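First up is the structure itself, then whatever we jot down about it.
Keep in mind it's a predicted model, so treat the numbers as computed, not measured. Values below: every heavy atom of this structure, side chains too, minus hydrogens, waters and symmetry copies.
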2 protein chains.
Amino acid sequence: MPTIRDVARYAQVSVGTVSNVLNGSTLVKDETRQRVLMAIEALNYHPTAAARSLSTQRTNTIGMIRSEIRLQGNLIETDPMVLDLIDGITSAAISSSTGLTFWAIPAGEREMALYKQLVTSRQIDGLILFALREKDPRVAYLREQEFPFVIFGRFESDEGDNWIDVDGAAGIEAAVRHLAELGHHRIAYLSPPHEQYLTGLRWQGFVKGMSDMNVPIDPALIYEGDFNEKSGQLGTHYFLDQPNPPTAIFCNNDRMAFGAMRAIQARGLVVGQDVSVVGFDDVSLARYSNPPLTTISQPIHHIGRALFDLLINLINQQPIDLLGGKLLKPELIIRQSTGMPR
Amino acid sequence: MPTIRDVARYAQVSVGTVSNVLNGSTLVKDETRQRVLMAIEALNYHPTAAARSLSTQRTNTIGMIRSEIRLQGNLIETDPMVLDLIDGITSAAISSSTGLTFWAIPAGEREMALYKQLVTSRQIDGLILFALREKDPRVAYLREQEFPFVIFGRFESDEGDNWIDVDGAAGIEAAVRHLAELGHHRIAYLSPPHEQYLTGLRWQGFVKGMSDMNVPIDPALIYEGDFNEKSGQLGTHYFLDQPNPPTAIFCNNDRMAFGAMRAIQARGLVVGQDVSVVGFDDVSLARYSNPPLTTISQPIHHIGRALFDLLINLINQQPIDLLGGKLLKPELIIRQSTGMPR
DNA sequence: TACTTAAATTGAACCGGTTCAATTAGGTAT
DNA sequence: ATACCTAATTGAACCGGTTCAATTTAAGTA
């Protein structure tokens, strides 16, 4: 493998000049630049990433870590939504030749060790966090280390300027309004796991929506799910076993909504007639489920891109342009899983 | 940030000794090791990844690149299956403190440029390829460069020992047998895009299954899809518009199968009674669709782990243990989307 | 006590880039 | 011809690890 010194020798210039050519400095005479470029071509030279990183202190890599969370022993599978997020991030990353590196690790002690490792060994220039938990230790640590990071979601009273979120509460309010206007008075709530930070925010939206529409909240119609289909199914059976079952179920993600629809159908009931179901996320399948799912859509691909841009600005210590605001409005997509109660 | 020289000074040893301690060499006296470890602790020292990479020529990072393919102008969205693959890879990677770096780039010229960049700049130690296309230029290039890579899938007559695949043809044969045994004589085939290498292999399985069961193949019942729900829907409408429509549709992934079910239901027909549907992949939603989808299951999480182990062995030039064979048997999961024809 | 051998430690050289103070080349004004 | 200024180029020092031949220390043996 040729090094920069080989190129310098071949082109009969110094290594400094080659470096200047590589980094687009304007200091180099055109004729010299040509000679260097020809040498690079002739030797098929490519700068080594590690050497460059060592002297520039930049890796051109950002990181993302999935916390493997287990509830009652079973792994919470990754939401298809995350894949869309990854898609958005990587499609923005490619244009600034930055890579996205992934790790997956069980939440807990080893998780913090990984974060510390990455930060102190400078393997990455910045981090994208998502699915924050209550009193998430990761945020405290990264802040303390002044390590660049952005969050998909909010954390503790919206402080900081390094997050982008969807106003889930507003989305849920809209969903509740939609259900109430259809005539539903018994609306069940399939909650996210209580560890998640967003759980509180979402709940506020539900409470506000219910109170605005004068629908009473029945504690018997609340169930804590874990974002998997299975818990949507379990929660729904629990609801329908109540003496006074709900006519509508709001689910905090689409996967639980799919599980809910399945449970309703397993009892010989019709989704959208006997029981209405609303989801959250609008994953690509929501449009194709049977019946098509009414759900709250978030512009996840756009969010991925925006998070990336925000992080890069943070890393470069450039002024932050929030690209249309940090709190994005979600949109209620009405399909056939909701209808008037019988 | 402290460097290895700071640690050496603090512990009153040489940098060589510190390095030996860091790398678990047995040459260091226990007492010295303790002193060094205390110094590391006291200074909160962590080796810099870039410096280490520069001298070891290893990055402890492997790469994966998603080819953004457009058909008739629209992007083929990433399959949820890929997320499971990533999950499997990263869960294996974490135990050897290796990261997985992800890029997404449109197939074509820029794509090859990215591969060349990564290989020659040694940003990664190895690559995981998937969704190979006919005469895929990536394989030729990587082979020529002798760069370590493994493939999820096969390529050109199974040559090489760096791939792991599911025997999709066998899976399809089983699916066709299942349908024929139920009494179906008109079985439609929703094909993968023709550019994909697996398209040929899968087709062979379909042909063999049909011929074994003495079911004729009708050219009017073949449609080329693109793995998205939409094309499943379009293909199904095309099939059902035929003068002599099929009673069963085999779809080459679950997403197209979901689209197919939707199209069938949109015409007031009942899936599993009027028209049976079989998918491929067994994504987590398949169990929760309405009706639950009969599909071919591949152990994708296991495959991710196996691909990682294989790649690491390749990188370390260690003998390859194929962990239970390179061609894995898929399993037909029979659910309610298939039944006897009316 | 001297000699041999094994164990532990040392530190300069190296990996391959970037940076910047110092130097040289080229051009213009006096 | 000389002084002066700007543009272009140079190359040693640096980034922070690993490696290994050379050296020192400790243990074992006669």
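- Whole-Å rounding puts the B:Gln12 CD to C:dG11 C1' distance at 16 Å.
- Looking at A:Ser91, its side chain does come within 3.5 Å of a backbone N or O of A:Gly88 through a donor-acceptor pair.
- Among the protein residues, A:Thr32 comes within range of the sugar-phosphate backbone only, with heavy atoms under 4.0 Å from sugar or phosphate atoms but none that close to a base.
- Rounded to an integer number of Å, the gap from B:Asn20 CG to D:dT19 P is 9 Å.
- Atom CZ of B:Arg9 and atom P of C:dG11 are 12 Å apart (whole Å).
- Formation of a donor-acceptor pair under 3.5 Å by the A:Thr3 side chain with backbone atoms of A:Arg5 is found in this model.
- Rounding to whole angstrom units, CG of residue B:Leu27 and P of D:dA22 are separated by 17 Å.
- Side-chain atoms of A:Arg35 come within 3.5 Å of backbone N or O of A:Ala11 as a donor-acceptor pair.
- Counting only distance, with no hydrogens or angles, the side chain of A:Asn313 and the backbone of A:Gln318 share no donor-acceptor pair below 3.5 Å.
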Do any N or O atoms of the protein come closer than 3.5 Å to N or O atoms of nucleotides 14-17 of chain D, and which pairs are they?
{"from": "D:dG17", "atom 1": "OP1", "to": "B:Tyr45", "atom 2": "OH", "distance (Å)": "3.3"}
{"from": "D:dG17", "atom 1": "OP1", "to": "B:Thr48", "atom 2": "N", "distance (Å)": "3.4"}
{"from": "D:dG17", "atom 1": "OP1", "to": "B:Thr48", "atom 2": "OG1", "distance (Å)": "3.3"}
{"from": "D:dG17", "atom 1": "OP2", "to": "B:Ile4", "atom 2": "N", "distance (Å)": "2.7"}
{"from": "D:dG17", "atom 1": "OP2", "to": "B:Tyr45", "atom 2": "OH", "distance (Å)": "3.2"}
{"from": "D:dG17", "atom 1": "O5'", "to": "B:Tyr45", "atom 2": "OH", "distance (Å)": "2.9"}
{"from": "D:dG17", "atom 1": "O5'", "to": "B:Thr48", "atom 2": "N", "distance (Å)": "3.4"}
{"from": "D:dG17", "atom 1": "N7", "to": "B:Arg5", "atom 2": "NH2", "distance (Å)": "2.7"}
{"from": "D:dG17", "atom 1": "O6", "to": "B:Arg5", "atom 2": "NH2", "distance (Å)": "2.8"}

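- Side-chain contact check for B:Trp163 versus B:Leu132: every heavy-atom pair is 4.5 Å or farther apart.
- A:Asp136 places a side-chain N or O within 3.5 Å of a backbone atom of A:Arg133 that can act as its donor or acceptor partner.
- Look at NZ on A:Lys29: it is 19 Å from P on D:dT6, rounded to the nearest Å.
- Comparing the start and finish of the helix from C:dT1-D:dA30 to C:dT30-D:dA1, five pairs each, the helix axis swings through 50°, to the nearest 10 degrees.
- OP1 and OP2 of D:dT9 both lie 4.0 Å or more from every side-chain N or O belonging to A:Ser14.
- With B:Asp125 contributing its side chain and B:Asn60 its backbone, the two residues share a donor-acceptor pair below 3.5 Å.
- Donor-acceptor pairing under 3.5 Å is lacking for the side chains of A:Asn162 and A:Arg143.
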